[in-house]
Amino acid sequence: MVNEGCTFRADVLVHGDRIERVATEGIGNARGAKEIIATRHHLLPGAIDDQVHFREPGLTHKEDIAHGSAAAAAGGITTFMEMPNTKPQTLTQELLEKKYKLGAMSSVVNFSFYMGVANDNLDEVLRTDTRTVCGLKAFLGSSTGNMLVDDPLTLDQLFRQAHMLLAIHAEDEGTIRENMRMAVARWGEDIPVEEHPCIRSAEACYLSSSHAVALAKEHGTRLHVLHISTAEELALFAPGPLIGKRITAEACVHHLWFTDADYHTRGTLIKWNPAVKSNADREAIRQGVKEGRIDVVATDHAPHTLEEKAMPYGRCPSGGPLVQHALPAMLELARQGVFTLEQVVEKMCHAPARLFNISDRGFIREGHKADLVLVDLDAPWTVTRDGLWSKCGWSPFEGQRFHSRVLRTWVNGRLAYADGKVDTGVRGERVRFER
Ligand code: DOR
């Protein structure tokens, strides 16, 4: 078992949807229990992904909750938090509750949905229930769906009045537009994808995230800055444990894995916002994760169809599917010595539970929900298209060899994934927050 900073031998007894006992000296009398012998395998808490785009409603040609959550289960992710840039965008309480109904109907894993912020919906935003909704989400840089919040007065009021966690996408729109103008002047219609990190530049990231951090400090906002992609931004965040922090940060697997050298081979399949940047940026983000400047590791799973991704740079949307391979990729980085196993579990399981005040998930503890994942750390396999669960049907990791494999995933005590198959009849729960 890998849990709470240690790796050790233990037995776990699950009863119903909860963990009843965790014992290092044998479980004792558990009559009628079905026994699973997992010698040489590792049991982890199910991962909690605080940033996915499952595209429902309205963009279900790219992804939907059924497929996205199945891919999550196959990847050892037992809880997701989903973004509001759907169609329609999640900008009213009514639309938000409709999404929760969709989640209850079709999600294999546990779910929460962010309330979206626009230039003109602060009244609705402030009505969001802190105990049943993960957070508020504002795009301070435009991306898929054009949900830009760029009115300075709105931003000021939002940071002043936000009554719960505010998650942001931070890229400065003016800088991006100017860089784009220069790229078009130079390349016309044929902008190479290698220009992406110059257009959505490190400067654009820093300008926006530093402005948001300054606003949060001024108003005492509970700010969570998503997908940090540059070395410069790390200085904005305090190192060390999460306890007491009002300003937190997330890194995504693609920024920890890829660098700008990969555009050459992967092309627009690794076009994300914010852009994958230099090796120095990747090294700094990895260091930030270890030092605690980055509190959680997530995916920003954001599928588009292959036809959309095959379009020329200027028209190709940013984003790609990741939930199925995030944990294997992080376990690969652990194998390479970049992180320890315990750090992977800390950043993908424990810390998201703490950061969002989820009191009964994210740890293997007696009384907690039985969200568990069993992995084999020594079972090499190669990512191929036929094993993918995401509706978009491709992966930026195709051809990648991983050494770790997810064997089984339990969601609230129910086996949701085993031996390559998702039980699509399993349903996750709406996550509750102790706030
Ligand atoms: O690359 C991205 N794609 N970044 C985002 O912030 C949005 C996402 C999407 O929804 O496609």
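First listed ligand is number 1; within each ligand, the first listed atom is number 1. Since the structure is predicted, the reported quantities are computational estimates derived from the model, not experimental observations.
Comment: Asp360 engages Arg18 in a salt bridge, judged by a side-chain N to carboxylate O separation of less than 4.0 angstrom. Note on Arg354 versus Glu346: salt bridge recorded, some NZ/NE/NH1/NH2 to OD/OE distance being below 4.0 Å.
Every residue two or more places apart in sequence or in another chain that forms a side chain to side chain donor-acceptor pair (under 3.5 Å) with Glu178 is listed here: Arg181. Every residue meeting the salt bridge (charged side-chain N to carboxylate O under 4.0 Å, His left out) condition with Asp17, not counting sequence neighbours, appears here in chain and number order: Lys369.
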Donor-acceptor contacts under 3.5 Å from residues 51-62 side chains, at least two apart:
from	atom 1	to	atom 2	distance (Å)
Gln51	NE2	Glu250	OE1	3.0
Gln51	NE2	Glu250	OE2	3.4
His53	ND1	Asn85	OD1	2.8
His53	NE2	Asp300	OD1	2.9
Arg55	NE	Pro303	O	3.0
Arg55	NH2	Ala302	O	3.4
Arg55	NH2	Pro303	O	3.0
Arg55	NH2	His304	NE2	3.2
Glu56	OE1	Ile65	N	2.8
His61	NE2	Glu308	OE2	3.2
Lys62	NZ	His304	ND1	2.8
Lys62	NZ	Glu308	OE1	3.0
Lys62	NZ	Glu308	OE2	3.1

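Under the 30°/60° scheme for interplanar angles, the aromatic rings of Phe111 and Phe80 are found to be tilted.
The immediate protein surroundings of ligand 1, defined as residues with any heavy atom under 4.0 Å of it, consist of His53, Arg55, Asn85, Phe139, Ser143, Thr144, His169, His227, Trp272, Asn273, Asp300, Ala302, His304, Ser318, Gly319.
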